[in-house]
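As the structure is a computational prediction, the values presented were derived from the model and not from experiment. Whatever order the structure lists them in is the order used to number ligands and atoms, beginning at 1.
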Amino acid sequence: MSTILAEKSHPALTSLTEDERLFREAVRDFAQSEVLPRVARMDEAEEFDADLIPQLFEMGFMGIEISAEYGGAGASFFTSVLIVEELSRVDPSVGVLVDVQNTLVINALRRWGTPEQLARLFPRLATDTVGAYALSEAGSGSDAFALTCRARNEGDEWVLTGRKLWITNGEEAGIYIVFATVDRTLGYHGITAFLVERETPGFSVGKKERKLGIRASSTTELILEDVRVGAENVLGKVGEGYKVAIETLNEGRIGIGAQMIGLAQGALAHAIRYVREREQFGRPIADFQAVQFQIAEMATEIEAARLMVYNAARLKDGGESILVPGAMAKLYSSEVAQRVASTCIDLFGGYGFTREYPVEKLYRDAKIGTIYEGTSNMQKQTIAKMLLKDRG
Ligand SMILES: Cc1cc2nc3c(=O)[nH]c(=O)nc-3n(C[C@H](O)[C@H](O)[C@H](O)COP(=O)(O)OP(=O)(O)OC[C@H]3O[C@@H](n4cnc5c(N)ncnc54)[C@H](O)[C@@H]3O)c2cc1C
């Protein structure tokens, strides 16, 4: 009994270490001073402000899990989640640029990269080069492994041909993880991941999408016309790109969950400020119990989503399976973000429907959460598949 009592219980999911707390404060300050003044302009212009990118590197947000030896912050996956959440409270477009860099590109390299690839790419990814992750194509989204981008072997080289669609950071990136098939008859066993530098002859960035939300985040086509890369640019093994893709996305979508809880928290904060100020019937609308209940329900849903996202991130750092917790966290937080952003517009009344107030943008931004890194249907499919497989 005394031994049991002497054991310390696990800290709560939301209690932060000193380092995590300091990181969160630094991001919060940065988001207020550097991101906030640019949000509306970037959304209107549908452009990421290029001046922000070097600052994101300087703050250490672009190489969170890269070790100090390569110039990174040497922090945890959970820290990436905290950073993405904080940035997304102010602008989910900035959140996703940082998210893709850390939870997809750097995460895939950490897991599958050779020592030579890490030594070559990590110093750049930590200091000045944005990364992008290129799996989707026009004809293959949810069915990602139906991709048609081809890789032909010629001696020591691979020759890549095809097109990628919907690539986040496409415009800003210098390094792309591109998935192609070495042999379509092999099905998913032909999929291989390649590291492609932007300057490689035959590689170009195509059309940029005009979008409903996260408009400052670039979403582009990539065009590969006989792009030659050496064998040293294969990430993981030839024919095992499906593992790189699946495992990275399983973890990466926890970052999308973080983007969504940040967005929802940001919208709620705007609404709380507004309902205290806005007067109707001779008093602040915050005095009406119906409004108070709307605020309470939103805060509760955000907290539930946050606990799911934090738990999935901490499980990942602990090396435990995150397939189902990650899918659930992304599914739930993206749906909470939509509901919360919508209710916040209701609380702003007619003003909420205009571009004068920030909730209209967050409502548009929230929509992407149920689509990328696996639609809500695909998350449900993953969750159900795992539950139904378990006969215990
Ligand atoms: C802004 C943005 C950024 C993106 N960034 C990236 C990126 O950086 N890298 C990248 O590789 N991709 C990226 N994507 C692509 C994204 O991951 C895909 O759009 C997404 O996976 C859905 O694929 P799809 O658009 O082809 O839709 P589809 O797969 O055609 O789905 C259409 C609808 O059918 C449903 N559906 C499809 N199959 C099933 C099924 N088996 N069961 C039930 N329902 C099903 C879906 O849930 C959805 O509602 C991005 C997309 C957007 C819009």
**Item:** Phe61-Phe30 aromatic ring centre distance below 6.0 Å
**Value:** yes
**Prompt:** By ring-ring contact (aromatic ring centres under 6.0 Å, His included), which residues pair with Phe145, not counting sequence neighbours?
**Reply:** none
**Message:** Assess whether a salt bridge exists between Lys208 and Glu171, defined as any Lys/Arg side-chain N lying under 4.0 Å from an Asp/Glu carboxylate O.
**Reply:** yes
**Message:** For residues 233-243, which residue pairs pass the side-chain hydrogen bond (donor to acceptor under 3.5 Å, both in side chains) check, not counting sequence neighbours?
**Reply:** Arg120-Asn233
**Asked** In chain order, what residues pass the ring-ring contact (aromatic ring centres under 6.0 Å, His included) check against Tyr372, with sequence neighbours excluded?
**Response** none
Return a table of N or O atom pairs, ligand 1 on one side and protein on the other, at distances under 3.5 Å, rounded to 0.1 Å.
unit_1: ligand 1; atom_1: 5 (N); unit_2: Trp166; atom_2: O; d: 2.7
unit_1: ligand 1; atom_1: 5 (N); unit_2: Thr168; atom_2: OG1; d: 2.7
unit_1: ligand 1; atom_1: 8 (O); unit_2: Thr168; atom_2: N; d: 3.0
unit_1: ligand 1; atom_1: 8 (O); unit_2: Thr168; atom_2: OG1; d: 3.3
unit_1: ligand 1; atom_1: 9 (N); unit_2: Tyr133; atom_2: O; d: 2.8
unit_1: ligand 1; atom_1: 11 (O); unit_2: Leu135; atom_2: N; d: 2.9
unit_1: ligand 1; atom_1: 11 (O); unit_2: Ser136; atom_2: N; d: 2.8
unit_1: ligand 1; atom_1: 11 (O); unit_2: Ser136; atom_2: OG; d: 3.1
unit_1: ligand 1; atom_1: 12 (N); unit_2: Ser136; atom_2: OG; d: 2.7
unit_1: ligand 1; atom_1: 14 (N); unit_2: Trp166; atom_2: O; d: 3.4
unit_1: ligand 1; atom_1: 23 (O); unit_2: Ser142; atom_2: N; d: 3.4
unit_1: ligand 1; atom_1: 29 (O); unit_2: Ser142; atom_2: N; d: 2.9
unit_1: ligand 1; atom_1: 29 (O); unit_2: Ser142; atom_2: OG; d: 2.6
unit_1: ligand 1; atom_1: 41 (N); unit_2: Gln381; atom_2: NE2; d: 3.4
unit_1: ligand 1; atom_1: 44 (N); unit_2: Asn377; atom_2: ND2; d: 3.0
unit_1: ligand 1; atom_1: 47 (O); unit_2: Thr375; atom_2: OG1; d: 2.6

**Request:** Could you tell me whether Glu20 and Arg314 have a side-chain N and a carboxylate O separated by less than 4.0 Å?
**Result:** yes
